[in-house]
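Working notes for the structure below.
Predicted model only: the values in this text are computed from it and were never measured. Convention: sequence-line order gives letters A, B, ...; per-chain numbering from 1.
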Amino acid sequence: MQESVVTRFAPSPTGLLHIGGARTALFNYLFSRHYQGKFLLRIENTDLKRSTKEATNAIYEGLNWLGLTWDDEPVSQVSRKGRHLEVAELLISNDMAYKCFCTPEELKIMREKSISAGGFGGYNGKCRNVDASKHPPNLSPSIRLKTNNEGKTSIKDLIQGNVEVSNKEIDDMVLVRSDGTPTYMLAVAVDDHDMKITHVIRGDDHLTNTFRHIQIYQALGWKVPYFAHIPLIHGSDGKKLSKRHGALGIHNYKEDGILPQALNNYLLRLGWSHKNHEIINLKEAINWFELKNVGKSPSRFDMDKLNHLNAHYISSSKNDKLLELITPILNDFLGFNIPIEVKKKVLLAMDNLKVRAKTLNELAEDASIYAYNVPIRIEEKALTVLDQSTINMLNLTRNLLDRITDWTSEELEAAITSVVNENKVGFKEVAQPIRIAITGSLKSPSIHEVLANLGRDTSLERIDDFLRRYKTS
RNA sequence: GGCCCCAUCGUCUAGUCAGGUCUAGGACUCCAGAUUUUCAUUCUGGCAACAGGGGUUCGAAUCCCCUUGGGGUCACCA
């Protein structure tokens, strides 16, 4: 690989950036960065009916969120229509393409006939050798490639290895539609050539198209780029990934509180590996990424593993960064903007919070205990573990806490321990009532940590309020 | 259906190209134990795979063939 590497990601903006596309983009990005090459973006919007501006923006946003920065301006495929038609004309004048006047009805019958005869349903070349003088005058034709139908076409795929097919299996494909617009087959070949793409890395579903692209390259006398077809991602049931498998779009994962680092790491390990490494940051990925380490077989999407990686990236993130990320979630969750005092408390508590959250949403939910005002909502099942004696114990503890002047985690722990010792009860008997009173829940980080982070006033206020509500009986 | 591709624990994979070091390694999940005031974290241990059948070879997860299973693709979509 003497020439400098140029890769591209070429999504069609007919939907959102999905998980498979994101991985294709990631692999293209890593490969080009590994070789200090370029990573280009091309929007394949030749299907005007289905392409939308919103989808294009969603692709940009998705890539930006993942941190997959591309070089140069994105290329809009429709804007290159003139060039595509110019190439089609060139092919006609070189006798490598021809005008086809067959109607859709004719083509349909042709296809059915071919299939019933055991064929693959390709075009039979009816218009291939019709002289221009015999062309009907008032019909607009499509343009088809005069495919080489002798011998074989082979791909030296960097992932799949050598793949070849008999040229009999490749029919004269349409390059320009009868409405004068270029097809994807033509556009992709011309654009990859003009953009000087050296390595075409794309989903395995394009493998059979590649034979067609190569025929176009050969008809034009162009150098064929390297190809690398990465296996597809399936749903957890092994079937093609679709809406019923849950989240498909990248934005869904963002909304579910997944960190982009976790998604990148997960996607990277789906189909690619480097020794026994599991936790791999972007810099390491760039260093290590080679196409030869990409597997050949499709893989299944596993949410458990993504969550595990996400938990890892959350607990190793900086506290202030996490606060910044969960603030909007928290505001949304609570229905009001959390004040600065609450943010300070959450930041103090973050070390204890972040080790137990699998997603940012869980983190926000766990952090929400610092934001409530009395009365705290008490979970029903929390109340079931309380009885009069534990409530009395809480009352005792409250009076002791009230006398603490140095409201620190250490002092608080000492105070709770002294209640435990003096009353000869288990730690649990004392700790759980406090936990319920100040968090409304049976689970939280260490109780003295929560008390310390919550602050003296808020802690006592919550306990008093709780006692007021549940003491009498 | 034609053509093409793929096949190691439930899942992601190492090992396959250059056959022996593989009674097959790691990770996720699950189970058990330790730590522990709850929930987690962390730590220790455990369950679990070379799809099947033929070859080649002194020797095969690794090479060849067949079968089976899975996937992709067959548009004037991309």
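A cation-pi geometry, defined here as NZ or CZ lying under 6.0 Å from the six-membered ring centre and within 45° of its normal, holds between A:Arg23 and A:Phe27.
The side chain of A:Val163 lies closest to B:C4 when the candidates are B:U37, B:C4, B:U41. Distances from the side chain of A:Lys358 to the nucleotides B:G71, B:U41, B:A78 place B:U41 closest. Comparing atom distances between the A:His448 side chain and each of B:C4, B:U37, B:C3 picks out B:U37 as nearest. Taking only side-chain atoms of A:His308, from C-beta outward, the nucleotide of B:C28, B:U41, B:A78 with the closest atom is B:C28. Closest to the A:Leu207 side chain, of the nucleotides B:C4, B:A78, B:G2, is B:C4.
In this pair, A:His199 and A:Phe31 present their aromatic rings tilted. The plane angle is within the 30 to 60° band.
Remark: the separation of the C1' atoms in B:A14 and B:G33 is 29 Å, to the nearest Å. Taking the P atom of each, B:G52 and B:A61 are spaced 11 Å apart, rounded to whole Å. Comparing B:G46 with B:G54, their C1' atoms sit 37 Å apart, to the nearest whole Å. Atom name P, nucleotides B:A24 and B:C31: the rounded distance is 25 Å, in whole Å. Remark: the separation of the P atoms in B:C17 and B:C64 is 9 Å, to the nearest Å. Spacing between B:A18 and B:A27 at atom C1', rounded to whole Å, works out to 28 Å. Distance check on atom C1': B:G19 versus B:C50 gives 15 Å, rounded to whole Å. Distance check on atom C1': B:A7 versus B:A49 gives 12 Å, rounded to whole Å.
Taking atom CG on A:Asp205 and atom P on B:C3, their separation rounds to 21 Å, with Å as the unit. What separates CG of A:Asp237 from C1' of B:G71 is a distance of 13 Å, to the nearest Å. Separating the NZ atom of A:Lys443 from the C1' atom of B:C39 is a distance of 6 Å, rounded to the nearest angstrom. To the nearest angstrom, C1' of B:A78 lies 11 Å from CZ of A:Arg8. Between A:Ile170 atom CD1 and B:C3 atom C1' there is a gap of 10 Å when expressed in whole angstrom units. Residue A:Asp304 contributes atom CG, which lies 16 Å from atom P of B:A27 at whole-angstrom precision. Between A:Leu175 atom CG and B:A75 atom C1' the separation is 14 Å, expressed in whole Å. Going from atom NZ of A:Lys126 over to atom P of B:C76 covers 15 Å, rounded to whole Å.
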Show me the donor-acceptor pairs within less than 3.5 Å that the side chains of residues 287-298 of chain A make with the rest of the protein, sequence neighbours left out.
unit_1   : atom_1 : unit_2  : atom_2 : d
A:Glu290 : OE1    : A:Tyr35 : OH     : 3.1

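Across all strands shown, A:Asp171 has no heavy atoms under 4.0 Å from either base or sugar-phosphate atoms. At the heavy-atom level, A:Leu232 lies under 4.0 Å from the strands shown only through sugar-phosphate atoms. At a threshold of 4.0 angstrom between heavy atoms, the contacts of A:His206 include nucleobase atoms, whether or not backbone atoms are also involved. A:Glu429 comes within contact range of no nucleotide atom at all, as no heavy-atom separation falls under 4.0 Å. Within 4.0 Å of A:Cys100, counting heavy atoms only, lies no atom of the nucleic acid at all. Contacts of A:Pro445 with the nucleic acid, taken as non-hydrogen atoms under 4.0 Å apart, include base atoms. Within the nucleic acid shown, A:Met173 has no heavy atom closer than 4.0 Å to any nucleic acid atom.
Counting non-hydrogen atoms of other residues, nucleotides and ligands closer than 6.0 Å to NZ of A:Lys358 gives a total of 12 or fewer. Shown here is A:Lys146, whose NZ atom has more than 12 heavy atoms of other residues, nucleotides or ligands within 6.0 Å.
Counting heavy atoms from C-beta outward, A:Asn162 and A:Ser154 have side chains that stay 4.5 Å or more apart.
Nearer the 5' end of RNA chain B, as judged by each residue's closest nucleotide, is the contact made by A:Gly119, out of A:Gly119 and A:Thr208.
Proximity of A:Arg111 to the phosphate of B:A75: a side-chain N or O atom is located under 4.0 Å from OP1 or OP2.
Using N1 to N3 plus N6-O4 or O6-N4 for Watson-Crick, or N1-O2 and O6-N3 for G-U wobble, each under 3.5 Å, B:C3 pairs with B:G72.
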Candidate pair A:Leu26 and A:Leu66, rule side-chain contact (heavy atoms from CB on, under 4.5 Å), full reasoning: CA-CA 9 Å; A:Leu26 176 67; A:Leu66 288 167; over 6 Å; no
- prompt: Passes side-chain contact (heavy atoms from CB on, under 4.5 Å), A:Ile258 versus A:Met303? Steps please.
  reply: CA-CA 11 Å; A:Ile258 300 291; A:Met303 198 62 205; 4.1 Å; yes
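Residue A:Ser446 places a side-chain atom within donor-acceptor reach of the base of B:U37, judged by atom type and a 3.5 Å distance cut-off alone.
With no hydrogens or angles considered, a side-chain donor-acceptor pair links A:Thr210 and A:Arg202 at under 3.5 Å.
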statement: B/S/- along nucleotides 6-17 of chain B (protein heavy atoms under 4.0 Å) is SS---SBSS---
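In this view, A:Arg83 and A:Glu86, A:Asp194 satisfy the salt bridge (charged side-chain N to carboxylate O under 4.0 Å, His left out) rule, not counting sequence neighbours.
For A:Phe120 and B:C74, the ring-to-base geometry does not satisfy the stacking test (centroid distance below 5.5 Å, interplanar angle below 30°).
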